[in-house]
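For reference, the structure is listed below as structure tokens.
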Amino acid sequence: MTEADFIQFISTNTAETVLQHMAKTPKADRRKHAKAVMRLFKATVWVFHKEPGRPKVADEGAVVIAVLATASLSELKAIKLWRLPERPRIDEVLRALQPDWIEEWVLDLIEDNPHRIQRVALIWENGLCPRPTSDAFIMGYYARGFVRSNDEIDEDVFFSQDVWRFFEVEGGGEFSLAACDKYVSPTSTWAHRLLTYAEAGKLDRGRLLDAALDALDRDFGQFVAGWYSRFHTSLKPTPEEIAVRVPRYLRLLSSAVPPTVSFAIKAVQAAEKAQAVAPAALLDALEPTLQARAKGTVTAGLRLLASGAKRDPSLSIRAAQIATLALVNEDAGLQDKALDLIEKLGGAEDPAVRSAVAEYVPLAAPSVQARMAALSGVQRGKTDDVMPIRQPAEATAIAPVADADEARAVFLSVLENRRDPFAIERAMDGVALFGAALRTDAKALSPLKKRARQLFNTPNDSVVRLAMAVTGCDLADGTQQHTLWQELDKDSSHSMLSSGSFGRLLVDRNAEILARVMDGHAMPMLSMPSDTSGCIAAGDLVSRLAVYRDNGVAPGPVDLQLALVRLAHGNRKEALANLSDQTEAERAVMYALGADVTPGNDPPLWAAAWAARQPAEADSRIAALFKPNLPDCGIPAQVSLKAWRQDSDSGPYYWPRIAIPVVNVDGADTAAALPAIFYPRDTNYYFSGRHCGVVFEDVAWASLVRPGWQEPFFRQAILALETDEKLSDHYCLGFLEPFFRPGITVGPLGHATLVYYLASLDKSVTALTSDAIAELALIGKLDVGSFSDVLKQFLMIDALPTGRWTKGLAAVAQAGAGDFSRQVILEALGFSPDKTPRDMGGMLELLYELHISSNTVPDRPETLACLKTMPGGGKVAKFAGKLIKMAGQT
Amino acid sequence: MVAIAQSYSYSTASALRGTVGNQVLALACDTASSQDPNRNFLTARALYPDVTARSLRAVSEIVGSRFYVPPSMLARILREADPVATVSPGAVRFEGFSACCSAYIRLDLGDAALDVSHRQNGTTNVDFGAELRGALATVAKDALLDLGIGSDAVAVVHDGKAIVEKKVPLPLRWIKGFAEVQIIMSGMTPAFRLSRVAAQRFLRTLPRSKDDTLHWVSVLGGVARLSAREGPGAVPLRGGHRLRVLDTVAAKVDGLDVFVNADTGATAWVMDFGTQRLTLVLNVDPWRGFSGDGGLLTQLATSDGAATAAVRAQLNWQDRIDVTAMAETTGLPQPAVRSALAELAAIGLVGFDLVTNAYFHRVLPFDLERVTSLNPRLKAAEKLLAKGAVQLVDDVADIASEGATHRVQRDGDAWRCTCPWYAKNGQQRGPCKHVLAVEMFLEQHA
């Protein structure tokens, strides 16, 4: 039979006919057609999405049988044959074909997917290969509950062999006992089945108890190990059963899996209660528990230590020595408990114990430090170290690009990394200055051309990336931007470049620069920041404008508007003296610098000029240019922060809601003028708070739009953050950029941003926020009152756990700004609470520790009144009482 | 993924046997990579058994870890490799690499950590199963722990089990990283040291779950703290969960020394137990293997084979290779010796010890000479050169490559290029293929 005939035969006949033919054909002859059969198989059976025009076959089962008849073992392994013949059955097929690879193939099939076990079982049930014993076979049990084709278990083999392998095979992913039992009803779990078998006497109870402990010895992952400890517990071992297994429980106290340690310590507690543990062995085994992260484990460890020493007083000093290990715990309460035990055991009189305690003094909680120092006989270790201030006091000048080579290098660099908005602006300034020169050397520009096009063809969420790619294409090969945008318009995902967005602002500004470059001009970009504050020195703007005037070139409108809103506050009078009033642009700059100039007829230009004026006072002439009025366009926008708790209609769920409406101006046309760009109309869409972008680089660039007055930007910052959202590179980090720039003025919304961001669940956001707060507090740029007012507002709505702010303020204190944290909490506690916010006890504990650390007492009457009336027991009552006592108002 | 199938063959599984207070840790050697399957490398008693056992467990845990799984890759298809043990006159070392290639770990057991009754210099893979790993966690400090590597040890515990054979596809980047990390360590400088308690506290602050946030670790008043921004003296730490493995041994440590490679951002965390050291080296990003750092590419591209051969001839299981003495012996200038040692590190013949700030001799049981020649950037550079793509005029080279002409120019002591690789990485991860091509061109025309 030729290959074509062979394929034709398979394609047109039934599985039974093909099998009969293959069984009669010698193996070597069948093998000759392996490649052709595999091609047919891949085109017909293997494809998930069967396309029109694919070869048609009468019976796909016939093709599968042909593959089994012709392929080698390695070829079968490569295709992971997921579809097995059903009529005739797989065992009948293999019996007819008699391949020599059945055993290995079966193992591979189960290894690839243990779910197949039921269908493959026919093969060994009919004596075609030995019954497997591999780990994957056991994982098949976990997933399917049986390993026979008739949905049953082989009882003899199961009870004598297979079930004990359950305690040796960890499995993985969905194939573990823990995973399989998680998603079935309680009576269908493997744990329930095994308990039932044990109760029926089919499984030996003692052996099950031991096997579970064996499994816990085996370094299984935490999730999987949990099944075995729970199973052991569900067997409810008797005191006698526990007593004989004490050495095993003690050994498990060293486990690397915390829940296993918790499990073991409970068993050891039971054994100790029955005095079934030798005190010396107990003490030796307890070391790891005292250094556990779980407070409950440490507390239990300390209790057992005390019990062991009580039973054998000769071990007291040894126990005291071991108890010192618990001092590594961060919790002041646990440190206190450990010291209590050390003193009780006489450790205070033992030099070795005192020496061991001394090691912990520098890191002790402030409330425990004095006691610890006294016990150990060392000086109380107080450090005045604070985090070095990384924010430069003065802005440093940004060096302009020196030549065409550097301009190209800087542009290529920002094509790859756009996280630094200053680098983007410097790259564009380089294009403005040397773009015309660069365009004369096509070879030198070829890498830029190629890379820009690559990035343009593969857009992602970053608008800045796309904008710079478009600029690069335009610069390198003169592609008109509108042509490129037409290409993109086909893709609606680029709506972030819509009119009135920050992306569009960047794109339009860049287009203006390129238009000049195409005309052969080499002039500076007006909106290039002068220094690392992001602002443009007034003198710089005036001298740049002079270059334009001298060349007879009109400034780009967007470039000029952006330059105006970036205008620095200082040296305006001197700059004004050097400026003429020949053009409307120059008159607008004069107005921005403080001159009394009558506004012209270019609303966006005059709005930008108004936004640059200091102080910001309403000017009805500018406001009148816009119908309706726009925020920050002649009228300073007034905003108010509103936070409330939103409760779910469908359960006990709630979350914070925030609105910051502009209360004095109605209009919200972000495209009408640059200062209004920060005030998009509240559409109530889910993403309405993401106006500045959804990736870091976009937000960071937006942070540089109005560097001298960031309150509108911080308004967006607050609206953008979802406090429960955790991201691998959180775009909201971009909103914190301005806090690390020199010259930042933190207004009410700046304070609100810092308070709100401290409550984020994303650790990168909270870490950066606490750094920003510490640095700004240390250089006196934060106002305690403003900060605590917002904090109080959030605490009162009780929509987020107080513990998030407690952790954040503790981090601020650790960085050296403990006084700020203390004062903030003190002032935030100025309310008459009907109900104590959640986790308030932790915050009170932090306040208590900060007072001790700074050797101060709470003396603010409002705070003390609040503490006295604060409802709640437990930690709240404990630390409210301590603080009141500290203030001498018991 | 380019991979080399590494076949391990052990006469039996390694095991920890004996009673609780009197145990034998018998480590089976890989007979597939050993010329003498009956070789006995080490018989010794651990003098600090709990520390040694837990440190070995840490080595094994790192080798069995994957801190980053590429989205397209199924974790279940990845098998773990085995640690490598080296016995030399003054030390016994166990080293391993995480499956994701971003973390390297090594346990250096000095003479004061072991009471050695038999030793034979050599390097071998050792079997390390999950069961053994679990058992090692339970070794007490007053236990007797005998440590054996090789046939004698296996004979002690052999219980008639079948030969253990594992076939593990080792990605090229895994093997290359093993060598590259030594070069990166040689460029590290000390950052700070933490006391035992401070080290424990610091490790406790690290997240237990995956955390890819970039932190900076700095020390204030002897206490390490994490910060979100770089500060003076701070070292970068992304993927801090990789340090969790040190948690279990922190209580026993004298101090934690931290080193940083300022060029690449890689850090080394050295747990100093006095008589033994556990070193964990982390690449700056958990998703970045050491293999791509290319610290040695220039040397490989312009290699002085004679100098390397001369230094190689002097290797004799030294625990500390003295560059001055080596220079005197070989008649080579010291920079040439250092350069040759770096090349030897790339082919797995020497490792680097941060504390002694010196290389030591060992022979990795992989065919690294072949691997090195497969370096993609080197191959690409050779291809450019062969095509005559390099046009050099007065220290400025134009390289025609895939539709663009890249310009390579001198920038101080180094080169800069106009390709995306350079724009993205600068000089942090070794030279790009265009710079390599220019360097090869200059070498050819010297």
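Both the backbone and the side chain of B/Arg204 come within contact range of chain A, each with at least one heavy atom under 4.5 Å from a heavy atom of that chain. Contact of A/Leu253 with chain B is not made at all, since no heavy-atom distance falls under 4.5 Å. When heavy atoms are compared at a cutoff of 4.5 Å, B/Glu402 approaches chain A by way of both its backbone and its side chain. In this structure, the portions of A/Asn329 lying under 4.5 Å from any heavy atom of chain B include both its backbone and its side chain. B/Asp211 does not touch chain A: none of its heavy atoms, backbone or side chain, sits under 4.5 Å away. Of the atoms belonging to B/Lys210, not a single heavy atom falls under 4.5 Å from chain A. Contact annotation for B/Ser195: neither backbone nor side-chain heavy atoms come within less than 4.5 Å of a heavy atom of chain A. Looking at A/Ala292, the atoms closer than 4.5 Å to chain B (heavy atoms on both sides) all sit in the backbone: N, CA, C or O. With a 4.5 angstrom heavy-atom cutoff, B/Ala198 touches chain A via backbone and side-chain atoms both. In this structure, the portion of A/Ala811 lying under 4.5 Å from any heavy atom of chain B is its backbone and not its side chain.
Listed options A/Glu359, A/Gln291, A/Glu330, A/Glu170 were ranked by heavy-atom pairs under 4.5 angstrom with chain B; first place goes to A/Glu330. Taking A/His730, A/Lys449, A/Gln454, A/Arg451 one by one and counting their heavy-atom pairs under 4.5 Å with chain B, the maximum is reached by A/Arg451.
A 6.0 Å sphere centred on CZ of A/Phe167 holds more than 12 heavy atoms belonging to other residues, nucleotides or ligands. Within 6.0 Å of atom NZ in A/Lys80, more than 12 heavy atoms from other residues, nucleotides or ligands are found, so the atom counts as buried in its surroundings. Residue-environment remark: NZ (A/Lys807) stays at or below the threshold of 12 foreign heavy atoms within 6.0 Å.
Between the B/Arg229 side chain and the A/Leu768 main chain, no donor and acceptor come within less than 3.5 Å of each other. Looking at B/Arg201, its side chain does come within 3.5 Å of a backbone N or O of A/Leu363 through a donor-acceptor pair. Judged purely by atom type and a 3.5 angstrom limit, A/Ser764 has no side-chain atom pairing as donor or acceptor with the backbone of B/Thr213.
Closest non-hydrogen pair, A/Gln814 versus B/Leu220, comes out as O-CD1, 4.2 Å. In this structure, B/Ala228 and A/Ala767 approach most closely via the heavy-atom pair CB-C, 3.7 Å. Residues A/Arg293 and B/Leu203 share a closest heavy-atom pair of NH2-O, 3.2 Å. Summarising the geometry of B/Thr418 relative to A/Leu412, their closest heavy-atom pair is O-CD1, 3.4 Å, with the distance given to 0.1 Å. The minimum heavy-atom distance linking A/Lys763 with B/Pro207 is given by the pair NZ-CB, 3.9 Å.
With values rounded to the nearest 0.5 angstrom, A/Asp405 atom CG is found 7.0 Å from B/Arg407 atom CZ. Distance CG/A/Asp771 to NE2/B/His215: 10.5 Å, rounded to 0.5 Å. Here the straight-line distance linking atom CD of A/Glu287 with atom CG of B/Asp50 works out to 8.0 Å at 0.5 Å rounding. For the atom pair CD (B/Gln200) and CG (A/Leu325), the distance works out to 7.5 Å, reported to the nearest 0.5 Å.
Contact of the A/Lys450 side chain with the B/Pro420 side chain is not registered, since no non-hydrogen atoms from C-beta on lie closer than 4.5 Å.
Salt bridge present: A/Lys443 and B/Asp398 bring a charged side-chain N and a carboxylate O closer than 4.0 Å.
Side-chain contact annotation: B/Asp212 with A/Ser728, donor-acceptor N/O pair under 3.5 Å absent.
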